[in-house]
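Take a look at the structure set out below.
Counting starts at 1 for both ligands and their atoms, following the listed order.
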Amino acid sequence: MRSVVTGGAGFLGSHLTDKLFALGHEVVVIDNLITGSTENLAHLAGRPGFRFQQNDVSEHISVDGPVDFVFHFASPASPDDFKRFPIQVLKVGALGTHNCLGLAKAKSAKFMLASTSEVYGDPLVSPQPETYWGNVNPIGPRGVYDEAKRYAESMTMAYHHFHGLDTRIVRFFNTYGPRMRLNDGRVVPNFIRQALLGQEITIYGDGLQTRSFGYYSDILDGVIKLAASDFHEPVNIGTLEERTILAFAQEIVKATGSKSQIVHAAAAVDDPRQRRPDLTRANSILGWSPSTSLADGLAQTIQYFVPKVAAISKAQS
Ligand code: UDP
């Protein structure tokens with residue numbers, strides 16, 4: 001098997017690359033490194049069967065040799081990135097998806113789109129089943145990501161129906177673990193960094209909005225099962241461990257043994273109030289459900305961040 005992973009220098013993409021490599025795949029990673037880092041792939045450099053191409057998939061892409069599977073995982077994914085890179089986010093979801101589908105078609109490869117619970121927007125139903133059509137503000141600050149991913153799903157299904165391409169769509173919910181960027185602005189690295197530095201933990205808004213946090217290794221087990229299935233409609237992959245952001249902050253304080261105070265800052269615009277996947281489809285079609293507790297996943301993630309935070313603390317002193 002020879003797989004292409006776009007976004008393979010990012011948090012989830014690099015873990016997927018490792019997993020495919022461990023399963024015996026050759027892997028070609030394509031990444032433009034606007035948010036990814038080759039540090040996440042350093043351990044694979046020079047290994048036979050691994051190849052890195054620094055390309056922007058929003059431009060025409062070419063890959064030499066046969067390809068069996070294209071995993072399109074490239075996109076900035078933090079709400080802060082949506083402000084920093086709005087056009088790139090739109091382009092990688094729209095043009096990038098089109099190019100990756102074209103690559104899969106040219107190589108007669110299978111294809112998987114990394115989509116997101118953001119397609120549900122600020123959902124009016126909870127938990128969210130795949131049949132829910134969503135509640136998205138197209139012109140809000142998150143619209144660049146939400147609409148790009150909705151378009152990407154449409155394009156993927158069009159290639160499936162019109163060209164007969166063998167496609168999959170995974171909708172990820174909040175996923176965390178080692179290799180997240182310390183400064184990507186998302187709640188997991190932010191709270192862990194603040195807690196380890198003894199700084200105030202900043203909750204945006206009242207903190208009663210909820211998220212369900214899935215550990216990357218569980219999430220990728222679901223991805224591999226979906227890749228091996230014949231299922232073409234979207235599948236939610238996440239966890240049922242729903243927490244308010246306030247409860248999550250308290251959990252981080254406890255897990256780090258921090259003395260940080262929890263404070264409230266201005267609410268984020270269009271911040272979804274509740275997010276929890278309905279996992280019935282993943283359970284019944286893939287026989288998959290997550291197994292890592294939030295406490296265990298957080299312990300491993302905190303361990304990863306400790307030396308990184310110590311390094312910035314040292315640089316600042
Ligand atoms: N959040 C927060 N403080 C932070 C970062 C995020 O309270 O320093 C909140 C944010 O408003 C949202 C939730 O945590 O309600 C998750 O935010 P994140 O940026 O991780 O991703 P999202 O799930 O919104 O895409």
### Task
Supply the atom-to-atom distance T202 OG1 to H264 NE2, rounded to the nearest 0.5 angstrom.
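So the OG1 of T202 and the NE2 of H264 are separated by 10.5 Å.
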Expected output: side-chain D68 to main-chain R2 donor-acceptor under 3.5 Å: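 The answer is yes, because a donor-acceptor pair under 3.5 Å joins these two groups.
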What's the verdict on side-chain contact (heavy atoms from CB on, under 4.5 Å) for R142 and E118, showing C-alpha distance, side-chain angles and the deciding distance? CA-CA 8 Å; R142 308 173 81 101; E118 282 285 327; 2.5 Å; yes
Taking the inter-plane angle between the rings of [X] and [Y] on a 0 to 90° scale, is it parallel (under 30°), tilted (30 to 60°) or perpendicular (over 60°)?
X	Y	answer
F50	F21	perpendicular
F11	Y216	perpendicular
F69	F71	parallel

Review point. Which protein residues have a heavy atom closer than 4.0 Å to any atom of ligand 1, listed by chain and number?
Key: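 Contacting ligand 1 under 4.0 Å are P79, E118, R142, N174, G185, R186, V187, N190, F191, T202, I203, Y204, Q209, R211, I245, D271, R275.
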